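Structure, as C-alpha coordinates:
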Amino acid sequence: DTAVSQTPKYLVTQMGNDKSIKCEQNLGHDTMYWYKQDSKKFLKIMFSYNNKELIINETVPNRFSPKSPDKAHLNLHINSLELGDSAVYFCASSQDRLAKQYFGPGTRLTVL
Amino acid sequence: ILNVEQSPQSLHVQEGDSTNFTCSFPSSNFYALHWYRWETAKSPEALFVMTLNGDEKKKGRISATLNTKEGYSYLYIKGSQPEDSATYLCASHGAGNMLTFGGGTRLMVKT
(Lines give C-alpha, C1' and ligand atoms only; values in the text may rest on other atoms or scores of the structure.)
Protein backbone atom coordinates (compact mmCIF):
# COMPACT_ATOMS: atom_id res chain seq x y z
CA ASP A 1 0.00 0.00 0.00
CA THR A 2 1.27 3.46 -0.89
CA ALA A 3 1.71 5.56 2.24
CA VAL A 4 1.47 8.98 0.57
CA SER A 5 -0.11 9.17 -2.85
CA GLN A 6 -0.59 12.06 -5.26
CA THR A 7 -2.74 12.43 -8.35
CA PRO A 8 -2.16 13.13 -11.11
CA LYS A 9 1.45 12.16 -11.65
CA TYR A 10 1.69 14.44 -14.68
CA LEU A 11 -0.36 17.54 -15.43
CA VAL A 12 -0.06 19.60 -18.59
CA THR A 13 -2.24 22.68 -18.86
CA GLN A 14 -2.55 26.10 -20.42
CA MET A 15 -1.59 29.38 -18.82
CA GLY A 16 -4.50 31.00 -17.00
CA ASN A 17 -6.25 27.73 -16.11
CA ASP A 18 -7.14 26.62 -12.58
CA LYS A 19 -6.01 23.16 -11.51
CA SER A 20 -5.81 20.93 -8.44
CA ILE A 21 -3.41 18.26 -7.28
CA LYS A 22 -4.66 15.72 -4.77
CA CYS A 23 -2.72 14.17 -1.91
CA GLU A 24 -3.74 11.37 0.42
CA GLN A 25 -1.89 9.67 3.26
CA ASN A 26 -2.90 6.44 4.99
CA LEU A 27 -0.39 6.70 7.83
CA GLY A 28 -2.70 8.35 10.31
CA HIS A 29 -0.41 11.37 10.44
CA ASP A 30 -1.55 14.69 11.87
CA THR A 31 0.48 17.02 9.66
CA MET A 32 0.72 17.36 5.89
CA TYR A 33 2.85 19.53 3.63
CA TRP A 34 3.27 20.76 0.10
CA TYR A 35 6.69 21.37 -1.44
CA LYS A 36 7.77 22.78 -4.78
CA GLN A 37 10.96 21.54 -6.41
CA ASP A 38 12.28 24.59 -8.19
CA SER A 39 14.32 24.86 -11.36
CA LYS A 40 17.55 24.40 -9.41
CA LYS A 41 16.15 21.17 -7.90
CA PHE A 42 15.77 22.77 -4.46
CA LEU A 43 12.84 21.64 -2.33
CA LYS A 44 10.92 24.66 -1.01
CA ILE A 45 8.17 24.35 1.59
CA MET A 46 4.89 25.90 0.51
CA PHE A 47 2.46 24.93 3.26
CA SER A 48 2.42 23.06 6.52
CA TYR A 49 -1.03 22.02 7.80
CA ASN A 50 -2.62 20.08 10.59
CA ASN A 51 -6.18 20.15 11.85
CA LYS A 52 -5.40 23.13 14.01
CA GLU A 53 -3.04 25.31 12.08
CA LEU A 54 -2.06 26.30 8.57
CA ILE A 55 1.41 27.74 8.16
CA ILE A 56 2.07 29.41 4.85
CA ASN A 57 5.46 30.21 3.40
CA GLU A 58 5.08 33.94 2.79
CA THR A 59 6.83 33.69 -0.57
CA VAL A 60 4.03 31.53 -2.01
CA PRO A 61 1.63 33.54 -4.23
CA ASN A 62 -1.96 33.61 -3.01
CA ARG A 63 -2.97 31.87 -6.26
CA PHE A 64 -1.93 28.71 -4.40
CA SER A 65 -4.22 27.42 -1.69
CA PRO A 66 -4.33 24.16 0.27
CA LYS A 67 -7.67 22.50 0.96
CA SER A 68 -8.07 19.73 3.51
CA PRO A 69 -11.40 17.90 3.45
CA ASP A 70 -10.19 15.61 6.25
CA LYS A 71 -7.04 14.64 8.13
CA ALA A 72 -5.90 12.19 5.45
CA HIS A 73 -6.09 14.61 2.53
CA LEU A 74 -4.43 17.89 1.60
CA ASN A 75 -5.15 19.08 -1.92
CA LEU A 76 -3.35 21.91 -3.67
CA HIS A 77 -5.41 24.35 -5.73
CA ILE A 78 -3.72 26.69 -8.14
CA ASN A 79 -5.58 29.56 -9.80
CA SER A 80 -4.56 31.45 -12.95
CA LEU A 81 -1.60 29.24 -13.72
CA GLU A 82 1.57 30.94 -14.93
CA LEU A 83 4.55 29.59 -16.86
CA GLY A 84 6.72 29.90 -13.74
CA ASP A 85 4.46 27.46 -11.90
CA SER A 86 5.90 24.61 -13.97
CA ALA A 87 7.70 22.38 -11.48
CA VAL A 88 7.44 19.12 -9.58
CA TYR A 89 5.19 19.38 -6.54
CA PHE A 90 5.62 16.98 -3.62
CA CYS A 91 3.18 16.23 -0.87
CA ALA A 92 4.44 14.87 2.47
CA SER A 93 3.11 13.93 5.87
CA SER A 94 4.48 13.40 9.37
CA GLN A 95 3.22 12.44 12.80
CA ASP A 96 3.98 15.90 14.10
CA ARG A 97 5.88 18.98 12.91
CA LEU A 98 9.30 17.77 14.10
CA ALA A 99 8.99 14.11 13.01
CA LYS A 100 10.42 12.66 9.83
CA GLN A 101 8.37 13.28 6.75
CA TYR A 102 7.07 10.74 4.26
CA PHE A 103 6.93 12.03 0.72
CA GLY A 104 4.55 11.28 -2.11
CA PRO A 105 5.83 10.43 -5.61
CA GLY A 106 5.50 13.98 -6.90
CA THR A 107 3.37 15.64 -9.58
CA ARG A 108 5.08 17.16 -12.57
CA LEU A 109 3.13 20.26 -13.62
CA THR A 110 3.82 21.79 -17.02
CA VAL A 111 2.19 25.10 -17.92
CA LEU A 112 2.18 25.93 -21.62
CA ILE B 1 15.43 33.59 6.59
CA LEU B 2 17.01 30.24 7.27
CA ASN B 3 20.01 29.36 5.14
CA VAL B 4 20.84 25.68 5.08
CA GLU B 5 23.94 24.86 3.12
CA GLN B 6 25.45 21.55 2.13
CA SER B 7 28.90 20.69 0.90
CA PRO B 8 30.16 19.41 -1.35
CA GLN B 9 27.50 19.79 -4.06
CA SER B 10 28.60 16.54 -5.65
CA LEU B 11 31.01 13.77 -4.86
CA HIS B 12 32.40 10.81 -6.80
CA VAL B 13 33.86 7.93 -4.78
CA GLN B 14 35.02 4.41 -5.52
CA GLU B 15 33.10 1.43 -4.26
CA GLY B 16 34.36 0.58 -0.80
CA ASP B 17 35.49 4.12 0.07
CA SER B 18 34.11 5.81 3.14
CA THR B 19 32.87 9.34 2.73
CA ASN B 20 31.22 12.18 4.58
CA PHE B 21 29.46 15.43 3.83
CA THR B 22 28.43 18.51 5.73
CA CYS B 23 25.24 20.37 6.45
CA SER B 24 25.40 23.81 8.07
CA PHE B 25 22.38 25.63 9.47
CA PRO B 26 21.58 28.63 11.67
CA SER B 27 22.04 27.61 15.30
CA SER B 28 19.48 30.07 16.69
CA ASN B 29 15.87 28.92 17.19
CA PHE B 30 16.84 25.37 16.32
CA TYR B 31 14.36 22.52 16.78
CA ALA B 32 15.46 19.59 14.62
CA LEU B 33 17.77 18.52 11.82
CA HIS B 34 16.60 16.01 9.20
CA TRP B 35 18.59 13.93 6.71
CA TYR B 36 16.93 12.47 3.61
CA ARG B 37 18.12 10.23 0.82
CA TRP B 38 16.74 11.04 -2.64
CA GLU B 39 17.25 8.66 -5.51
CA THR B 40 16.66 9.83 -9.06
CA ALA B 41 13.02 9.52 -10.16
CA LYS B 42 11.92 8.67 -6.62
CA SER B 43 10.78 10.60 -3.55
CA PRO B 44 12.97 11.74 -0.66
CA GLU B 45 13.24 9.07 2.02
CA ALA B 46 13.92 9.96 5.65
CA LEU B 47 17.18 8.74 7.17
CA PHE B 48 17.43 10.54 10.51
CA VAL B 49 15.86 13.23 12.63
CA MET B 50 18.10 14.68 15.31
CA THR B 51 17.24 17.24 17.94
CA LEU B 52 19.85 17.26 20.71
CA ASN B 53 23.36 18.66 20.59
CA GLY B 54 25.79 15.76 20.37
CA ASP B 55 23.17 13.40 18.92
CA GLU B 56 24.52 10.54 16.87
CA LYS B 57 22.31 8.30 14.75
CA LYS B 58 23.19 5.17 12.80
CA LYS B 59 21.38 3.10 10.18
CA GLY B 60 23.46 0.31 8.70
CA ARG B 61 26.56 1.85 7.11
CA ILE B 62 25.19 5.40 7.37
CA SER B 63 25.57 7.56 10.45
CA ALA B 64 25.12 11.21 11.34
CA THR B 65 26.22 13.60 14.05
CA LEU B 66 24.79 16.92 15.21
CA ASN B 67 26.34 20.05 16.69
CA THR B 68 23.59 22.56 17.43
CA LYS B 69 25.87 25.10 19.09
CA GLU B 70 27.95 25.67 16.00
CA GLY B 71 25.21 24.74 13.53
CA TYR B 72 26.48 21.74 11.60
CA SER B 73 25.77 18.08 10.99
CA TYR B 74 27.89 15.44 9.30
CA LEU B 75 26.62 12.43 7.39
CA TYR B 76 29.02 9.49 7.08
CA ILE B 77 28.81 6.51 4.75
CA LYS B 78 31.15 3.62 5.50
CA GLY B 79 32.23 1.35 2.64
CA SER B 80 30.19 3.06 -0.09
CA GLN B 81 28.24 0.79 -2.43
CA PRO B 82 26.75 1.63 -5.87
CA GLU B 83 23.27 1.52 -4.34
CA ASP B 84 24.29 4.44 -2.08
CA SER B 85 24.34 6.68 -5.15
CA ALA B 86 21.73 9.35 -4.51
CA THR B 87 21.31 12.95 -3.44
CA TYR B 88 21.51 13.41 0.33
CA LEU B 89 19.44 16.29 1.65
CA CYS B 90 19.55 17.89 5.04
CA ALA B 91 16.81 20.13 6.37
CA SER B 92 16.61 22.32 9.43
CA HIS B 93 13.49 22.92 11.44
CA GLY B 94 13.83 26.34 13.01
CA ALA B 95 12.17 29.72 13.35
CA GLY B 96 8.93 29.91 11.42
CA ASN B 97 8.16 26.33 12.34
CA MET B 98 8.90 25.04 8.86
CA LEU B 99 11.50 22.75 7.37
CA THR B 100 14.15 24.41 5.19
CA PHE B 101 16.12 22.14 2.89
CA GLY B 102 19.69 22.51 1.75
CA GLY B 103 20.65 22.05 -1.88
CA GLY B 104 21.82 18.48 -1.35
CA THR B 105 25.01 16.55 -1.93
CA ARG B 106 24.91 14.30 -4.98
CA LEU B 107 26.88 11.13 -4.32
CA MET B 108 27.99 8.85 -7.14
CA VAL B 109 29.67 5.56 -6.25
CA LYS B 110 31.71 3.99 -9.03
CA THR B 111 32.44 0.28 -9.28
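Lettering follows sequence order; numbering is per chain, from 1. Here the structure is a predicted model, which means the values were calculated and not measured.
- With hydrophobic clusters built from ILVMFWY side chains whose heavy atoms lie under 4.5 angstrom apart, A:Val60 shares a cluster with A:Tyr49.
- Hydrophobic clustering, with ILVMFWY side chains joined whenever heavy atoms are under 4.5 angstrom apart, groups A:Ile55 together with B:Leu99.
- Each ring-ring contact (aromatic ring centres under 6.0 Å, His included) pair with one or both residues in residues 60-90 of chain A, not counting sequence neighbours, appears once here: A:Phe90-B:Trp38.
- The environment of NZ in A:Lys67 is crowded: more than 12 heavy-atom neighbours from other residues, nucleotides or ligands sit within 6.0 Å.
- Contacts of A:Tyr33 with chain B are absent, with no heavy-atom separation under 4.5 Å from either backbone or side chain.
- Around CD of B:Gln81, the count of heavy atoms belonging to other residues, nucleotides or ligands within 6.0 Å exceeds 12.
- Of the two parts of A:Gln37, only the side chain, counted from C-beta on, holds a non-hydrogen atom closer than 4.5 Å to a non-hydrogen atom of chain B.
- Contacts between A:Lys100 and chain B at a heavy-atom distance below 4.5 Å involve backbone atoms as well as side-chain atoms.
- Within residues 43-67 of chain B, the residues having any heavy atom under 4.5 Å from a heavy atom of chain A are, by residue number, B:Ser43, B:Pro44, B:Ala46, B:Val49.
- Using a 4.5 Å cut-off between non-hydrogen atoms, the part of residues 104-112 of chain A that approaches chain B consists of A:Gly104, A:Pro105.
- Neither B:Tyr72 nor B:Leu75 shares a network with the other; the hydrophobic side chains, linked directly or stepwise wherever heavy atoms of I, L, V, M, F, W or Y lie under 4.5 Å apart, form separate groups for each.
- Annotation for A:Met15: atom CE does not count as buried by contact number, only 12 or fewer foreign heavy atoms lying within 6.0 Å.
- Annotation for B:Met98 and A:Asn57: closest pair CE-N, 3.9 Å, computed over non-hydrogen atoms.
- A search for salt bridge (charged side-chain N to carboxylate O under 4.0 Å, His left out) contacts involving B:Asp17 returns nothing, not counting sequence neighbours.
- Following chains of ILVMFWY side-chain contacts shorter than 4.5 Å, one can reach A:Leu81 starting from A:Phe47, so the two form part of one hydrophobic cluster.
- Under a hydrophobic-cluster definition in which Ile, Leu, Val, Met, Phe, Trp and Tyr are linked whenever side-chain heavy atoms come within less than 4.5 Å, directly or via other members, A:Tyr102 and A:Leu74 are assigned to different clusters.
- Of the possible polar contacts, one joining the B:Tyr36 side chain to the A:Gln101 backbone as a donor-acceptor pair under 3.5 Å is found.
- Proximity to chain B is limited to the backbone of A:Ala99, based on heavy atoms less than 4.5 angstrom apart.
- Heavy atoms of other residues, nucleotides or ligands lying less than 6.0 angstrom from CG of A:Asp70 number more than 12.
- Looking at every heavy atom in both residues, B:Leu89 comes nearest to A:Leu43 through CD1-CD1, 4.0 Å.
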